[in-house]
Structures are given as C-alpha cells and as structure tokens.
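Data first, discussion second: the structure below is written as structure tokens.
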Amino acid sequence: MQYSEIMVRHGELSTKGKNRMRFINKLKHNIEDVLSVFPEVKVSSDRDRTHVYLNGTDYEPVADALKKIFGIQGFSPVYKLEKDMNLIKSFVQTLMTDLYREGLTFKISSKRSDHHFELDSRELNHVLGDAVFEAVPNIKAQMKHPDINLKVEIRDEAVYISYEDIKGAGGLPVGTSGKGMLMISGGIDSPVAGYLSLKRGVDIEAVHFASPPYTSPGALKKAQDLTRKLTKFGGNIQFIEVPFTEIQEEIKAKAPEAYLMTLTRRFMMRITDRIREVRQGLVIINGESLGQVASQTLESMVAINAVTATPIVRPVVTMDKLEIIDLAQKIDTFDISIQPFEDCCTVFAPDRPKTNPKLHNAENYEKRMDVEGLIERAVNGIKITIITPHEEKDEIEHLINNLL
Ligand code: ATP
Ligand code: MG
C-alpha cells in the first residue's frame, strides 16, 4: 500500500508564542514552493502539524525534498485507511509481518479524536496488539523505546497509521527572520554563506555582478545555478543581475592596480546597499572568510565596509576553507562552484592586490570618478529573475521602469 500523506512536525517555532501562525504559514508557503515540482502534492497546515498530501505521488522524492527544508523538525509518512476495524486489524498484521525480524520490539500508540468510534484508545491498543501477536507470534511488546512505535490515529474522516520518524533539517522557516541581500559570486564561499543565512530563517535575494563581455554567459548561469541549489532549503529566490562592466573599466582606467580589488568591492557594496534599501532588505550577506585572499584581511574589511552602516553578515568569516568546502559538498554547490567560468573579480584581478589598503587612499582614488553616476546607471540596469527549484519555472520579474 502507498503512503497517502506525510505529517510534518514544526521545528523551533513552537516556542514563538503568538507569532506561531505567521511562522507556520511561512513554512507552508516554503514547502509549497519546494514541492511545486510535484503537481499532485497538496499542503495544508494547522497549529500543530503540516500535512503534505501525496495524491499518488511517490513518497521517496518528496521525502528527500522535505529533509532539506528549514523549519521542519521531523516528519512521518502516513497510511490512510477507512474506519473499519477489520480492515485496520488486517492492515496492521500485514505491516508488522513485513517489518518483522528476529528480536523486534513494538508498541501500539492509539489516539482517538473521533469520540464516536467504536473503541477508545486503550481498547484499540489492546485489540491491535493482540492482532499483531496473532500474526507474528515471536514479536515482543515493549513500552519504552520499542523498535517500532505504531501510531494509530482515528480522526473524523479516516484512520491514519504511521511508524517512522524522519529527522528534518531544523533551523527556522526561511522568511521568518526578515530579508537580507546575498552577494553571490560563482565561488565556493558565498553559496555556503547563503545556506547558513537561510538556516536561521533569513529570506535572501541574490545579487550578482556581471561584466560582459569580460565575463561569459556561463559565469552568470553558474551564479543562477548556485542560487537554484539554495531554493531547496526554503523556496524561490529573486536573483538580481547587476551590470558591472562600466564600473570595472572605469576603476581600471583611473586607479592604481593595487587598489582595484578594494575599489571594486566598495562599489559592489554600495550598489548592493542601494538595492537593499529599495527592496526593503535589512542586511547584506557575503562570503568573506578571514585571511583567505588579499581582499579579505581585516584592513580590507575596514576599507570596504566604510561605504555603509548597514550590518554586513559574514556567516563563513571564521571558517577554514576545508570547513567551507565540506558544507559546499553537503549542500551540493561545490561541483558547480568549481566550474571554470571566471567571474568579474577574477577577470579584473590585479596580480598583487593590496593586503592593507588605506581607507583615505581608496576615497582619494574615487574622487577621480563619477561615483554617484556609475552607481545609478548600474542600479537602473538590474535584471531580476525569480529562481525556482526547476529551471523551466523561472520567471523574469516585470520591472516598473525606474523602480529604483
Ligand atoms: P566566493 O567563493 O564567495 O567567490 P571568494 O573567496 O572568492 O568568495 P572574494 O572574491 O574576495 O572571495 O569575494 C568576497 C565576497 O564578495 C564573495 O564571497 C561574495 O559575497 C562577494 N562577491 C565577489 N564577487 C562577486 C560577484 N561577482 N557578484 C556578487 N558578489 C560577489
Ligand atoms: Mg570569488
């Protein structure tokens, strides 16, 4: 027999008092986004549980998708039966016969919300327990930590039977902690930074700087594919492509080699901040990791960060490269990140970037440029795509002219 639904237990959100329904609704919406690739699946939520109705869809791929969604503590696949005692008995017998192996222990935990049902929960435990012994004489009953805890729930409309508890991803439902702008390159670190923010419920919009023709369509696609991997944890993500060619050419023309990196990062930060403001994000998230490359010294951080007072969240800042790679492999972004498409920073990277840039120098070089005009043109040229778990469903967002 096939599972009819999956019963989802909510995570940490049970502690959130009167915000509870808001959390649950977000989670429901995220589950719908992620499971949108299964057209027959329907989702409904109440205060205690979210129900994922399979309507004939295979259980395994849906379960694999659910395991990744933040805000889910655990879930159980459920069989649905008619409320007929003979049927329930023989179903339980067949199930336990299938599951039996030497030494197996079990218990029956019945619950009855339909109080008109012929047996109460104690009687149900008894009758069904006896039925199991009849079918599998060698099985042992055990009340504490049995191998199989068979849950039988008599509701108004039907009987629901489950015995597996599968662990969920934990974390908070994406979107319950407000919005942040993730600066996503094609590298290893920024997708991991995105993943870690999603884990704590941050709704991210991905901002990517592209410098065609110096950067290829492949580099852009790579950043989008990385973003798509992140949709598995909480649903669709807006991907914002920023035209960055003019700015990079201008920096290259007007500033000394040693400061290219610092200035590039300062522009990226300012533009991301401008987009954040319009789109009502609260913070900026990036993949900086201390000491990894020249641009990631504390001195660099000071010189780059000086362009904004917006909080910058750096989830991987203290992680070793190998720790980041471990996570990248776990979330399946690593293989995409190591594809050989150069992003805008690599193309314009100086051989010897300054490891201790001075803020006043950076500011002085910028006086040679029309900083405001450059930023405005970049921001007015952004393109937004809604990235979904399945590429065919991506949508270009309709932009109102001069939205920014
Ligand atoms: P990553 O592996 O994330 O590319 P990295 O180790 O290569 O990081 P840098 O190149 O110094 O580090 O970039 C630092 C951070 O700046 C990145 O983690 C990312 O958040 C942001 N960033 C770099 N390039 C881009 C880009 N083209 N578009 C958007 N953000 C970028
Ligand atoms: Mg990089």
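Along the sequence shown, residues are numbered consecutively beginning with 1. Just follow the structure's listing: the first ligand is 1, and inside any ligand the first atom is 1. Treat the numbers as computed from the prediction; the structure is a model and nothing was measured.
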NZ/NE/NH1/NH2 to OD/OE distance under 4.0 Å, Glu366 and Arg270: yes
For ligand 1 and Gly186, I'd like to know whether there is a polar contact (N/O to N/O, distance under 3.5 Å). no
Evaluate Ile72 against Ile31 for side chain to side chain contact (heavy atoms under 4.5 Å, CB included), listing each step before the verdict. CA-CA 10 Å; Ile72 294 180; Ile31 294 174; 4.0 Å; yes
Asn286 heavy atoms within 4.0 Å reach ligand 1 at atoms 20 (O)
Gly287 heavy atoms, cut-off 4.0 Å: which ligand 1 atoms fall inside? 17 (C), 18 (O), 20 (O)
Give the numbers and elements of all ligand 1 atoms closer than 4.0 Å to a heavy atom of Val207. 29 (C)
Got a second to check how far Glu257's CD is from Lys252's NZ, nearest 0.5 Å? 5.0 Å
Which atoms from ligand 1 have a heavy atom of Gly187 less than 4.0 Å away? 1 (P), 2 (O), 4 (O)
To the nearest 0.5 Å, tell me how far Thr385 OG1 sits from Leu220 CG. 8.0 Å
For Ile184, take its heavy atoms, then give the atoms of ligand 1 lying under 4.0 Å from any of them. 26 (C), 28 (N), 29 (C), 30 (N)
Winner among Arg314, Met261, Arg265, Met268 once heavy atoms are compared against atom 10 (O) of ligand 1: Arg265
Under a 4.0 Å threshold between the charged nitrogen and the carboxylate oxygen, would Lys28 count as salt-bridged to Glu32? yes
Near Ile188, which atoms of ligand 1 are under 4.0 Å from a heavy atom of that residue? 2 (O)
Distance-only check: which donor-acceptor pairs under 3.5 Å involve side-chain atoms of residues 167-182, not counting sequence neighbours?
residue : atom : partner : partner atom : Å
Thr176  : OG1  : Pro173  : O            : 2.7
Ser177  : OG   : Arg200  : O            : 2.6
Lys179  : NZ   : Glu205  : OE2          : 2.7
Lys179  : NZ   : Arg279  : O            : 2.9

Hey, could you give me each pair passing ring-ring contact (aromatic ring centres under 6.0 Å, His included) that has a residue in residues 87-108? Not counting sequence neighbours. Tyr79-Phe91, Phe106-Phe133
What atoms of ligand 1 come closer than 4.0 angstrom to any heavy atom of Phe209? 26 (C), 27 (N), 28 (N), 29 (C)
